[in-house]
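Quick notes on the structure that follows.
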Protein chains: 2
Amino acid sequence: MPDAGSQHPDAYSDTERQIFDAALQEFARKGRDGARMQAIADAADINKAMLHYYFRSKERLYDEVFAFSMRRFMAAFGESLGAAPTFRETLRVFIDGYVDFIRDNRAVMQLMVSENLAGGSALGRHLRRMQEAEHALPPRVLVERIEAAVDAGEIRPVDPHHTVLSVISTCLFFFVTEPTVRVIHPAARADWSEFVDARKEHLFDLIYHGLARP
Amino acid sequence: MPDAGSQHPDAYSDTERQIFDAALQEFARKGRDGARMQAIADAADINKAMLHYYFRSKERLYDEVFAFSMRRFMAAFGESLGAAPTFRETLRVFIDGYVDFIRDNRAVMQLMVSENLAGGSALGRHLRRMQEAEHALPPRVLVERIEAAVDAGEIRPVDPHHTVLSVISTCLFFFVTEPTVRVIHPAARADWSEFVDARKEHLFDLIYHGLARP
DNA sequence: TCGCATGTCAACCATTTGGTTAAAACAAAA
DNA sequence: TTTTGTTTTAACCAAATGGTTGACATGCGA
């Protein structure tokens, strides 16, 4: 499973990478405030002082991890969207690529969710900055594909914004609640990876039929 | 908006209720570890010592808040599911009721998500206990309705477990990521409540067409 | 070899955090 | 009024937490 776009900022040294990974994991699980610097240091197998040597403070460390993760998360939209002839194929490819991305980068998504739970102040700041810089956010590309498919009469006339939100919801939510899903869903408990693949099928089937012309 | 099932355990005094509410809010936003006892005390407008007078420790407070919230959350499935003649109506009523429940109890859902992010150890414990006691978890009722609708030929032959998970995903996820949605989605920014209602329509439309026979 | 920049660490510090205590209000029965 | 039990509070404490420091290592060009 090769990464599209590296896991860490390019200029990082080995130590910085270790710290970054450990911090991402810890922030993703415990949230900005719940995370413990000592826990990050332990997971990165370095002295706590190193954290402050490389990333001044907890706040700065969080900011760096969050900013990079958000760029990565946003970039995933475009990367998951190949050039397919039909909308049907476009949807299939997107679900496949996007779900794979989350499977390989669960912590990134957890961090995004965690920020939302906490009120999303950092998130709002970064989003607005992105919006100003690029004039529109990445999910836009998906919105446009759906608009085009509607215009071409390939699918029913649906609200593209709502539809995109629904697609993302279904692709992400079962990862968010993975522990619950593992307990409740027999198939997920037995083999998570297989379950994820089955879920791709189901999602495509459900959403495609939900959009297709009668 | 009347509550089906009270917001707090019945036997609570006024002070306990204040504490419970404040704790739920704080735990929902910051997570089990990120939450601060002082912040809960401040929000409940009481002395910090009262927290320990009524709920011994942070751990016990969290357990009590979590256990009650989870029962409430699970009960919402059944409560949102009226007795409708067709599956079409059943789906409509469920989405409507369930989304309303989350709108009125966002913190409860946030707490569930937060637990999942953190690994869901408390969640797993409680779920398993419920499973043993009741032989099946509440989402079961929805699964059964879908199975019945499939058997009756009212909808396409879909996997009911996957379908339920998809319905729940779409009903919950936009609440989970409300801060993000508010920034990205123009309509949500303007009037959230109206957006939620529009979303109910969209979700019903998308999912019903996704399930209906061609 | 020396000097200097970069990394690394144990020990330390100030503040915050969960939690306790002993005394004071308060209320209702005796 | 006295007594008895509950509720509330300010002051306090030990441990944990984010953050600092000064010494020590390591590599490398001069």
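Numbered from 1 within each chain, the chains take letters A, B, ... in sequence-line order. Computed over heavy atoms, backbone and side chain alike; hydrogens, waters and symmetry mates excluded.
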Nearest whole angstrom, please: distance from the C1' of C:dT16 to the CG of B:D42. 14 Å
Atom CG of B:L51 and atom P of D:dT9: how far apart are they, to the nearest Å? 11 Å
Sequence-distant partners of A:E201, salt bridge (charged side-chain N to carboxylate O under 4.0 Å, His left out), two or more places apart: A:R92
Kindly assign one of parallel, tilted or perpendicular to the pair B:H8 and B:F20, based on the angle between their ring planes and the thresholds 30° and 60°. perpendicular
If you measure from the Lys or Arg side-chain nitrogens to the Asp or Glu carboxylate oxygens, is any gap between B:D14 and B:R17 under 4.0 Å? yes
Is there a side-chain contact between A:Y53 and the phosphate of C:dT6, meaning an N or O under 4.0 Å from OP1 or OP2? no
Mind checking what makes ring-ring contact (aromatic ring centres under 6.0 Å, His included) contact with A:H162, not counting sequence neighbours? B:H185, B:F195, B:H202
Using whole Å, what does the distance between atom C1' of nucleotide C:dG19 and atom CZ of B:R60 come to? 14 Å
Pairs under 3.5 angstrom, nitrogen or oxygen only, protein versus nucleotides 26-29 of chain C, please.
none

Please list all pairs meeting side chain to side chain donor-acceptor pair (under 3.5 Å) that have one or both residues in residues 42-56 of chain A, counting only residues at least two apart or in different chains. A:Q38-A:D42
Could you check how far CE of B:M50 sits from P of C:dT21, rounded to whole Å? 17 Å
Pair A:R32 + A:E115, salt bridge at N-O below 4.0 Å: yes
Verify whether one side chain among A:T170 and A:R199 offers a donor that lies under 3.5 Å from an acceptor in the other. no
Summarise how protein sits on nucleotides 11-28 of chain D as a single string, 5' to 3': B when a protein heavy atom is under 4.0 Å from the base, S for sugar-phosphate-only contact, - for no contact. ------SBBBB-------
Set of ring-ring contact (aromatic ring centres under 6.0 Å, His included) partners for B:F27, sequence neighbours left out: B:Y62
What contact category does B:F55 fall into here, base, sugar-phosphate, or nothing, at under 4.0 angstrom with non-hydrogen atoms? nothing
Is there a side-chain contact between B:T15 and the phosphate of D:dT7, meaning an N or O under 4.0 Å from OP1 or OP2? no
